[in-house]
Amino acid sequence: MPEFQHFAALPTLVPAAFGLVFLVFAPFIGSDKKWMWAFTTAAMGLTILIPAIILSKIGLYGDVLETAGVAGQYMVRTDRLALWLDILFGIAGLLALLVTPAYLERANSHRPEIYPLFLIAVSGMTAMVGSDHLVMIFVGLEVLSITLYVMCGLARERAVQVEAALKYFLLGAFSTSFLVFGLALILGATGRLDIPGIAGAVLGVGAGTLWNETLLLAGLALFLIAFAFKVGAVPFHFWVPDVYQGAPTPVTAFMAAGTKAAAFGVLLRVLYAGFSGAETIVDRWAPVIAGLAVATMVVGNVLALVQTRVKRLLAYSSVAHAGYLLLALVPATSGAHAGEIVGGPALLFYLFTYTFMTVGAFIVAALFQSDREDADHFAQFAGLWHRRPLLAAAMGVFLLSLTGIPPLGGFTGKYVIFLSVLDAGHPVLAAIMAIAAVIGAAYYLRVLMLMFIAQPEEDLAARLVTPGPARLALAVAVVATFVLGIAPFVLYDPLLTVMRAAAF
Amino acid sequence: MVGDPGPYLLLAAVLFVIGAFGVISRRGAITILMSIELMLNSANLALIAVSRFLPGDGGAGVPDGQVIGFLVLAIAAAEVAVGLAIVIAMFRLRESVDVDLARLLRW
C-alpha cells in the first residue's frame, strides 16, 4: 500500500472546508454586504488553482494519487480525469458566482447563504469524480444533490422556486433510491464496490455463475437509471425544464454545466474502468447507452422547437446536449479500453465547450431577471441588438455555438464526438446526431432572428444593467468559446492523456 | 455465496416496487416522501442481506454492506430534513401539500 497522501483529497477538502466555514458565518452578516460574495469567489478561484497545480505535477506520481484507504480499499482516486473535471466544476461555479449578485439584486431576494452553497456543491462534484469506490460516488452525489435542492428553493417566498425545489427534490430522492438498490445488487453479484474489484469480477464473468451475471446486469441497469435521471436523459428528462426554469438562473447555469459534467465523469469512469472488461457484458449495456443517446438527442431537440421562454428553451437544449454527450460515451467506454484514443477526450472536450456556452447563455438570461413573471419570455429578447449590441452579440455567440456553427467551440466539440463515433464503427448513430443537430439549429436561429431583426416592443433594455463581474464572466465565456473553436488543440491535446490512468 | 440471499432480495424488490408505485400514484408530498423512504430502506435490506451471505471472513459475510447501510441511513436523514423544509415552504404558500397544485411550471 503506497503511503497516505492527504493532498490527493485537496480538490474536495478545500471547497468543502471553505463552504462550511462561510456557511456558519452567513446568518451573522447583513444581506447587503458584498464580502461574503468576494470571499466565496476567491475560494472558488482557489478550487480551480489546486487541481491545476496537482495536474501539472501528476506525472511525478505515476499519473495517479490515491488515498483514504478503508479496510484495504482506496476511496479517493485523483487522476487526470478527476483533475480536469475538478477544474471544469470550478470554472462553472466561478462563472455562475460572478453573475449571482446582479441576479439577486434584480430578483430582490438577498440570501448570502447561496454563495457558500456553491462551494459545497463543488466539493460534492469533486468527490464524485475523484473516487474509484461506488460508495464514495454515492456520497458525493448526495452532497451535490441535497445542496442543489436547497439552492433551488432558497427564496422561500417565491412560489416558482419552491415548486422547482419540490419537483427536483422528489425526483432526485426517487432516483437516489434506484442508485442505492443498484449498489446492493452490484455488491451481491461481485462482493466488491470498488471499481477495480468490480472490473475483476466482470473479467471473470465467463467462469462465474449465471445467477451472478443477472444480478450484476440488474444492478448496472438501476445504476444507469439513476444517472440517466441526473443527466436528464430521455425518458427521465421530465423534471429538467421545470427545475431549470424555476430555479434561480445562476443556479440553473451551475446545475446545467456542473451536474452534467460530474455525472458524465462518473459514467465514463465506472463504465470504462469497471464494466468494459468482458465483451458479453459490454454487449448488454452499450446498446442501452446508444438508445438513450438517440432518444435524448431527438426528443430534446424536437421539444425545444415549441418553447416560448428562453430558460425553458435552454433547458430542452441541455437535454439535447446530454444526448450528444451520451453518444460520446459509446466509443469512450465500449471499445474494450480503446477509449484512450478517441472517445474519452472527445467527451471531456465537449463538456468544456458546453460549460462555457451554456453558462454564458444562462448568464444573459439571468441579466433579464426582474420582478415580472415573464422575465425570460421570448418577447423580452426582441430587438436586443438595437438596444444592447454587445449583450446581443454575446448571446448570439453562445447560441451559434450551441447550434454547432464553425468556428465556435460547439462546432469543434460536436465534430470530435462525430469523428469518435464514426471511428468506433457506428455510422448510423453519427448520422442521427447530425440530423438532431440540424433540427436543433431551427430553435436557436429563431431566438437569433428575434434578437437581431425584430424591433423591441417596449423599452426593456433601458432597465437592463450589466455590472462588472457579469461582464467579466460573459467576456471569459465568449473568448473561451472562440478559442476552443479556432484553436481546439490547446485543450484537446492535453486531454488526450486523460484516460491513461483511468483504467487499472 | 454462502447460503442463498434470494428470499431477502425478493422481499427487498417487492418493497422497492411498492415504494415506487407509491411515488408515482400518490399526490400528497408527505406520502411521496414516505414512499421514497420505503424504497431506500428496501435497498438497505438488500445491502445487509447480500453482505451477510457473501463468502469471506469465515462465513460471517463481508461488512461492506452493513457499513454502507449506515451511510445510507445518515444521508437519507439529511435528505428528508431538506425535503420536509421544502414541503413546509410549499405549505405556507399554498395551504396544501398536494403536488398536483404545483403547476406554475408548465409548457
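Every heavy atom of this structure was used, including side-chain atoms; hydrogens, water molecules and symmetry mates were not.
Within the 4.5 angstrom heavy-atom criterion, only side-chain atoms of A:L185, from C-beta onward, approach chain B. For chain A, no part of B:A85 is nearby; none of its heavy atoms comes within less than 4.5 Å. Both the backbone and the side chain of A:V180 come within contact range of chain B, judged by heavy atoms closer than 4.5 Å. For a residue to count as touching a neighbouring chain, one of its non-hydrogen atoms must lie under 4.5 Å from one of that chain's; by this rule B:A76 does not touch chain A. With a threshold of 4.5 angstrom between heavy atoms, B:I75 approaches chain A through its backbone and through its side chain. Both the backbone and the side chain of B:L40 come within contact range of chain A, each with at least one heavy atom under 4.5 Å from a heavy atom of that chain. No part of A:V143 comes within reach of chain B, as not one of its non-hydrogen atoms sits under 4.5 angstrom from that chain.
The ring-ring contact (aromatic ring centres under 6.0 Å, His included) test applied to A:F362 returns no partner, not counting sequence neighbours. Scored by the side chain to side chain donor-acceptor pair (under 3.5 Å) test, A:S123 finds no partners at all (sequence neighbours excluded).
There is a side-chain donor-acceptor pair under 3.5 Å between A:Y443 and A:N301.
Enclosure of atom CZ in A:R156 is not indicated, since only 12 or fewer non-hydrogen atoms of other residues, nucleotides or ligands lie within 6.0 angstrom. Counting non-hydrogen atoms of neighbouring residues, nucleotides and ligands closer than 6.0 angstrom, the CZ atom of A:F238 exceeds 12 such neighbours.
Here the straight-line distance linking atom CZ of B:R92 with atom CD1 of B:I88 works out to 7.0 Å at 0.5 Å rounding.
Among B:I18, B:L33, B:V23, the single residue meeting the side chain to side chain contact (heavy atoms under 4.5 Å, CB included) criterion with B:L38 is B:I18.
Between the side chain of A:R446 and the main chain of A:L305, a donor-acceptor pair closer than 3.5 Å is present.
Comparing B:A81, B:A78, B:S42, B:A29 by how many heavy-atom pairs each has under 4.5 Å with chain A, the most go to B:S42. Ranking B:G65, B:A74, B:A12 against chain A, the residue ahead of the rest is B:A12, based on heavy-atom pairs under 4.5 Å.
In summary, A:R158 and A:E163 do not engage in a salt bridge, as defined by a charged side-chain N under 4.0 Å from a carboxylate O.
Pairs passing the ring-ring contact (aromatic ring centres under 6.0 Å, His included) check and including a residue from residues 134-156 of chain A, sequence neighbours excluded, read A:Y149-A:Y168, A:Y149-A:F169.
Inspection of non-hydrogen atoms places no residue of residues 222-230 of chain A under 4.5 Å from chain B.
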